[in-house]
Protein chains: 2
Amino acid sequence: MSNRSNITKQKLLDAATDIIMNQGIHHLTLDEVAKVAGISKGGLLYHYASKEALLTAIVERLQQEQNDLYASLQREGYGPVEAFVRLFDETNLHPERATIQIDVEKMIAFLTLFAVDQEYANRWKHDLDTFFEQFQKTADPVETMIIRYALEGMMMSEHFEVGVPPVELKQAVIARLIERAHDIDRQS
Amino acid sequence: MSNRSNITKQKLLDAATDIIMNQGIHHLTLDEVAKVAGISKGGLLYHYASKEALLTAIVERLQQEQNDLYASLQREGYGPVEAFVRLFDETNLHPERATIQIDVEKMIAFLTLFAVDQEYANRWKHDLDTFFEQFQKTADPVETMIIRYALEGMMMSEHFEVGVPPVELKQAVIARLIERAHDIDRQS
DNA sequence: GAACACAAACCGTCTGGTCGGTACAAAAGA
DNA sequence: TCTTTTGTACCGACCAGACGGTTTGTGTTC
C-alpha cells in the first residue's frame, strides 16, 4: 500500500469521524464523506469497498487510539482503575495535552454508531469484556464497578446534554472518583 | 376518539416499541411497524400523520410510564434518590412486579432513539434537567451524582452487553447504591 | 349516509453500490 | 532511448432498492 493511498485513507476516516461528531450518525452517507474528504465517491469506494468496511476501519482506528492512550497513562505510573478514570478527563487534568481529549469526544460520538447497529459494537465488545474482567479482581470490585459505571454514565449525560451539573460539581465528582480509584489500586 | 381507534393506536405504539427493543432503531420503518402491528401502512399514517408523530407518541407514553413508576415508588416511602435507584431494578428487588421492568428495558432501548436524533432527546431533556436539579441539593451532591451516573452507565452496559459482570456482582453494586442512596435521603 | 377506520397501489427522494473510463507512473520490451 | 504495457488511484454518471408519504378506494359504525 503506497503512501499516497494511506494519506487518502486517513483523509476519508477523518472526514467520516468529523461528520459523526459534528453532524450526527444519520448524516454519515458515502456522498457526504466523499464531499468532506474532497474525494469522489468512486475514490472512496476504491479504498473502502462498502460503507461497512469504512465504519469498521473507523472503529478500529478509534480502538487503537484509546488503547494507546490508556497504555501511556499506565506507563506514567497510574494503576489500572485510576488510569481508566483519567482516560475520561485528561483535558481537565492536563490542559496542556488538550489534543487527546479528542479521542474521548470521538468515543462518545461513536456510541451513536453502536446504538444504531449492534454489529459495530460487537467489534469492540470482546476487547472490552476482557478489559473489564480485571476490574472484577480489584481490592473492591463493587466500588470499582461503580466507578466504571459512573464514568460511562457521565459520558452519556455529557454527550446528550441531559441533566448536566455545574462544572464545579462535575469536577468534584471526578476528583472523588480519582481518589477512590487511587485507593483501590493501592490496595490491589 | 373512539375506543377502536385507541386500541389500534396502542397496537401501533406497542409494535414500534417492540421493533426498537428487538430489532434496533434502524429497522424502525413505517412498513415494518405496520406489518408487526398487523395494520396497513395507510392505517398507520391515518393515526400518526408522520413518522415523527409516531416517535413523539412513543416517547411521550414512555415518559408517562416512567413518571408514574417513580411517583409510585415515592408514595411507598422511598426518598428521591433511593426511588431513583429502585427505578432501575424493580424486578430484582420485587420479582412479583416483573411487568414494570419492561419499562426500564424500554427506556434503555430508547436511548438508541436519542442517539440517532437529538431532536427526540430534546423532548425529554427539559424534564430530565429539572428532575436532576434536585439531585444537586441533597446532603451529598457529589455522591448523589455518582449514584445517578453509575445507574445510567449500568444501563448502557447492560443494553450493549459490554463488560457485563456476574449477576452477584451486579446485585452487590445495586445493593451498595441503594444503601448510599438511603443514607443520602435520610440526611437530606 | 356521513364520518370514521382502514387497505393498497403508487410516487419521489435518498442512498449504497456498480461500472466504464481517465491520469499517470513504473515496469517491460524494442 | 523510445514505445508499450500494466497497475494504481480516482472520477462521475448511473442504477436499484428502501423508505416516508400521498392518494384513492372500501368496509364499518353510528
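In what follows, every chain begins at residue 1, and chains take the letters A, B, ... in the order their sequences are listed.
Minimum atom distance to the side chain of A:K51 is reached by C:dG17, of the listed C:dG17, D:dG20, C:dA5. Taking every side-chain heavy atom of A:S40 into account, D:dC11 is the closest of C:dG16, D:dG20, D:dC11. Looking at the side chain of A:L45, the nearest of the listed nucleotides D:dG21, C:dT18, C:dC6 is C:dT18. You'll find that the side chain of A:Y46 is closest to D:dT8, out of C:dA7, C:dG17, D:dT8.
The only option from A:Q23, A:K41, A:H27 that meets the side chain to side chain donor-acceptor pair (under 3.5 Å) definition with A:E32 turns out to be A:Q23. For the side chain to side chain contact (heavy atoms under 4.5 Å, CB included) test with A:L12, the passing option among A:V33, A:T17, A:V36 is A:V33; the others fail.
Close to D:dA9, at under 4.0 Å from its OP1 or OP2, lies no side-chain N or O of A:T8. Of the side-chain N and O atoms in B:H47, none sit less than 4.0 angstrom from OP1 or OP2 of C:dA5.
One can place CG of A:L28 at 15 Å from C1' of C:dC14, the figure rounded to the nearest angstrom. A straight line from CD of B:E32 to P of D:dA18 spans 12 Å, rounded to a whole angstrom. A straight line from NZ of B:K35 to C1' of D:dA18 spans 14 Å, rounded to a whole angstrom. Counting to the nearest Å, the C1' atom of D:dT29 and the CD1 atom of B:I7 are 14 Å from each other. For the pair A:K41 NZ and C:dC14 P, the computed distance is 13 Å after rounding to whole Å. Whole-Å rounding puts the A:L55 CG to C:dG17 P distance at 10 Å. As rounded to whole Å, 11 Å separates atom P of D:dC10 from atom CG of A:N6. Following rounding to the nearest Å, B:L30 (CG) and C:dC11 (C1') show an atom-to-atom distance of 15 Å.
Along DNA chain C, the nucleotide nearest to A:T29 and the one nearest to B:I39 differ in position, and the one closer to the 5' end is contacted by B:I39.
Residue A:Y149 holds its OH atom at 14.0 Å from CD of B:E152, rounded to the nearest 0.5 Å.
Aromatic ring orientation, B:F84 versus B:F131: tilted (interplanar angle from 30° to 60°).
Formation of a donor-acceptor pair under 3.5 Å by the B:R148 side chain with backbone atoms of A:G163 is found in this model.
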